[in-house]
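Taking it in order: structure first as C-alpha cells, then the write-up.
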Amino acid sequence: MTVPEPATSRPATAPSTTSRPTLTADVPDIAPDSARPTHDGPLATAQSQLAGAIRRLGYDEGMHAMLATPRREINVAIPLRRDDGSTALFHGFRVQHNVSRGPGKGGLRYHPSVDVDEVRALAMWMTWKCAVVELPYGGAKGGVAIDPRRYSQAELERVTRRYTSEIMPMIGPERDIMAPDIGTDAQTMAWVMDTYSVNQGYTIPGVVTGKPLEVGGSLGRATATSRGVVHSTRAALHEAGLDLPDVRVAVQGFGKVGSHAADMYADAGARVEAVSDQYGGLHRSGGLDMQRVLDHVRTTGSVVGFPGADPIDNTDLLTLDVDVLVPAAVEGVLTADNALDVAARWVVEGANGPTTAEADAILAERGVVVVPDILANAGGVVVSYFEWVQAQQAYWWTEAEIEQRLAERMLHAYAAVAEVARREAVSLRDAALLLSVQRVAVAHRTRGLYP
Ligand code: NAD
C-alpha cells in the first residue's frame with residue numbers, strides 16, 4: 001500500500017537558560033523513579049507500532065529489519081570525580097536510529113532508569129517525529145543513567161563533559177544534534193556545545209539545540225514543545241467543534257513540557273484541574289490558579305504542598321473526569337490496566353511513549369482520540385530545527401517569526417495526519433506512523449543501498 005502524500009504545500013523554511021529549582025518541598029526522599037509504573041517497555045511499544053505500519057504498507061522483511069534496527073549505537077562508561085573526592089561511575093548511551101533523511105536529531109536524558117532499550121525506542125520515535133513534521137533529520141537519542149537531583153551543578157557539568165567527549169566521534173551539526181530531554185536543560189546543552197567546540201578548535205553552536213540564548217539559542221525554543229502540544233490539542237478539539245475554553249484538562253508531569261503546557265492551556269481559557277510531578281499531584285474542580293502553582297514550584301521545586309488544592313496521586317490523575325488528558329512525564333503510564341478507566345475524550349501525548357500498544361488499542365476501541373507523541377510533542381524539534389538553521393546561517397529570527405512558523409508546521413502536520421486517518425479509517429497514531437514510516441522508506445529506496 002502507498003499512502004498518497006497529502007496535497008498541501010510544505011510551509012516555507014530552520015530559551016533562556018532554565019535554572020533547576022532546588023527541591024525544598026516536603027516530599028518523601030524516594031528515588032524519583034519509584035512512581036514509575038511497570039510496563040512492557042518502550043522498545044516493545046515502538047517495535048509493535050513499527051510492525052503495524054509495515055504490515056499496512058505491505059513492506060517486506062528486509063525493509064522492516066532495516067527500519068527496526070538502529071544504524072549506530074555507542075555505550076560509554078562515565079567516571080565522575082565527586083565533590084567529596086570519591087569516584088562514581090555511570091553508564092551512558094547514544095543511539096542513531098536512522099539517518100537516511102539527514103543528521104540524527106534527538107534529546108539527551110538524565111534519569112536513573114535510562115537503559116539502552118529505552119534510548120533505542122526514543123531514537124526510533126525521533127525518526128518518525130522528524131518525518132511527520134518534514135524536517136531534514138533522522139532520529140537519535142542519548143541518555144545517562146543518573147538522577148540529576150542528587151548531584152551538584154559542578155558534578156553534572158563534569159558528567160556532561162565526559163559523556164560528550166566519549167561520544168564525540170558520533171556527534172556534530174551535520175551528524176547528530178542533541179537537545180534537552182528529561183533531567184537536562186539549556187545549561188546542559190551549553191556544556192555539550194563548549195566541550196565539542198573546544199575539542200574541534202572553534203565555536204560550533206549547531207551541535208546542540210535548546211541552548212541558552214546567550215550562546216546561540218533560539219527565541220521560543222524553551223516553550224516550543226508545549227506550544228506545539230497546545231496547537232495540536234486545539235486542532236483535535238476543532239474537529240469536534242470545540243475550543244480550549246470548553247474543556248477541563250489534567251497534565252501529568254510538571255517539567256519543561258508539562259508546566260508550560262498547563263500555563264498555556266490556562267491562558268487560553270481551559271480549566272486545568274490537575275497537575276502532577278514525580279512526587280505527587282494537585283486537583284481542584286473548576287481549575288487551578290496556574291500562576292500561583294508556578295510560583296509555588298519556583299519556590300519549592302515541586303507542586304506538592306500547594307495550598308489551594310487537594311492532593312491527588314499520579315495514578316488517579318490519569319483516570320480523572322476531565323476532557324483532555326496530557327501525559328507529559330515518562331513512558332508507559334497508560335497501560336492495559338488503566339486504559340479502560342481513562343475518562344478523558346482526548347489524550348494528547350506531551351511525553352514520548354506514554355501509551356503502551358495494548359492501552360492504545362483499548363483507547364481506540366473506546367473512541368478516545370489520542371494525538372500521538374510523534375505529532376503532539378513535535379513542536380520542540382521543529383523549533384530545534386529553526387535554531388539549527390539560524391546557527392548555520394548566523395542570522396536570528398524574531399520570536400513572532402518563530403511562533404508563526406511553528407504554528408504553520410504543527411497545523412500543517414496535524415492536517416496531513418488527520419487526512420490520512422480519515423482516508424484510511426485509522427487512528428491518528430496509525431496515520432502518523434504510516435506517513436512517517438513511508439517517508440523514511442522512500443528515502444531509503446531513493447538513496448539505494450551502498451555498495
Ligand atoms: P523534565 O525533566 O523537564 O520534566 C519531567 C517531569 O515529569 C517532572 O515534573 C518530573 O517530576 C515528572 N515525572 C518524572 N517521573 C514521573 C512519574 N513517574 N510520574 C509523574 N511525573 C513524573 O522533562 P521534559 O523535558 O518536560 O520531558 C517530559 C516528557 O516530554 C518526556 O517524555 C520527554 O521525552 C518528552 N519530550 C520533551 C521535549 C522537550 O523539548 N523537553 C520534547 C518532546 C518530548
Side-chain angles (χ1 to χ4, degrees), residues 15 18-21 23 25 27 30-39 42 105-114 118-119 121-123 125-126 129-130 133 139 141-143 147-149 178-186 188-189 209-210 218 220-229 232 250-262 274-282 293-294 297 301-304 312-318 326-334 348-355 372-385 387 406:
T18 49
S19 60
R20 193 174 295 137
L23 182 67
V27 293
I30 48 168
D33 201 30
S34 65
R36 195 171 172 145
T38 52
H39 53 84
K105 182 86 192 80
L108 171 62
R109 176 173 294 193
Y110 286 177
H111 194 276
S113 70
V114 161
E118 180 183 64
V119 179
L122 291 162
W125 285 323
M126 284 307 298
K129 193 182 300 182
C130 291
V133 284
K141 199 82 181 191
D147 179 355
R149 288 200 165 209
M178 262 185 251
D181 191 73
I182 293 180
T184 59
D185 57 19
T188 322
M189 293 304 110
T209 58
S218 175
R221 174 60 185 90
T223 52
T225 308
S226 318
R227 204 170 288 286
V229 166
S232 55
V251 180
Q252 184 188 59
F254 208 72
K256 294 183 292 299
V257 179
S259 67
H260 291 301
V275 297
S276 69
D277 59 29
Q278 69 213 59
Y279 303 105
L282 308 172
V293 175
L294 286 161
V297 172
S302 171
V303 300
V304 170
I312 184 171
D313 70 27
N314 268 296
T315 319
D316 291 342
L317 180 142
L318 295 169
V326 184
V330 289
E331 300 97 63
V333 294
L334 293 173
V348 183
E349 296 185 332
N352 287 309
T355 311
D373 45 8
I374 58 173
L375 173 63
N377 71 35
V381 74
V382 168
V383 176
S384 276
Y385 165 60
E387 179 177 331
L406 170 63

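One-based numbering along the sequence shown. Heavy atoms only: backbone and side chains are in, while hydrogens, waters and symmetry mates are out. Whatever order the structure lists them in is the order used to number ligands and atoms, beginning at 1.
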Contacting atoms of ligand 1, where contact means under 4.0 angstrom from a heavy atom of V330: 15 (N), 18 (N)

Please classify the R109 to ligand 1 contact at 4.0 Å (heavy-atom distances, strictly less than): side chain, backbone, both or neither. side chain

If you measure from NZ on K256 to OG1 on T223, what distance do you get to the nearest 0.5 Å? 13.0 Å

Pairs of nitrogen or oxygen atoms closer than 3.5 Å, one from Q278 and one from ligand 1: do any exist? yes

When you compare ligand 1 with K256, is there at least one nitrogen or oxygen pair between them that comes in under 3.5 angstrom? yes

Residues in side chain to side chain contact (heavy atoms under 4.5 Å, CB included) with A179, at least two apart? K105, T209, R221, S384

Here the gap from R109 atom CZ to L122 atom CG, rounded to the nearest 0.5 Å, amounts to 4.5 Å

Against heavy atoms of R221, which atoms of ligand 1 measure under 4.0 Å? 40 (O)

Counting from 1, what ligand 1 atoms have a heavy atom of A329 closer than 4.0 Å? 7 (O), 13 (N), 20 (C), 21 (N), 22 (C), 28 (C), 29 (C), 31 (C), 32 (O)

Could you tell me whether a side-chain N or O of K129 sits under 3.5 Å from a main-chain N or O of G139, the two making a donor and an acceptor? no

CE/M126 to CG/D181 distance, rounded to the nearest 0.5 angstrom? 9.0 Å

With a 3.5 Å distance limit and no angle check, can you tell me whether S226 reaches the backbone of V257 through a side-chain donor-acceptor pair? yes

Taking only residues two or more places apart in sequence, or in another chain, which ones meet A121 in a side chain to side chain contact (heavy atoms under 4.5 Å, CB included)? P42, L43, A46, W125

Please determine if V257 has a nitrogen or oxygen closer than 3.5 Å to a nitrogen or oxygen of ligand 1. yes

At under 4.0 Å between heavy atoms, which part of I182 makes contact with ligand 1: side chain, backbone, both or neither? both

In Å and rounded to the nearest 0.5 Å, what is the CD to NE2 distance from Q278 to H111? 6.5 Å

Determine whether a donor-acceptor pair (N or O, by modelled atom type, separation under 3.5 Å) exists between the side chain of D373 and the backbone of G350. no

Select one of side chain, backbone, both or neither to describe which atoms of A224 lie under 4.0 Å from any atom of ligand 1, heavy atoms only. neither

Check: N377 N/O within less than 3.5 Å of ligand 1 N/O: no

Would G253 count as being in polar contact with ligand 1, using the rule that some N or O on each side must be under 3.5 angstrom apart? no

Numbered atoms and elements of ligand 1 in range of G183, under 4.0 angstrom, heavy atoms: 2 (O)

When only distance counts, is D181 in polar contact with ligand 1, meaning an N/O pair under 3.5 Å? yes

Would one find an N or O of Q252, backbone or side chain, under 3.5 Å from an N or O of ligand 1? no

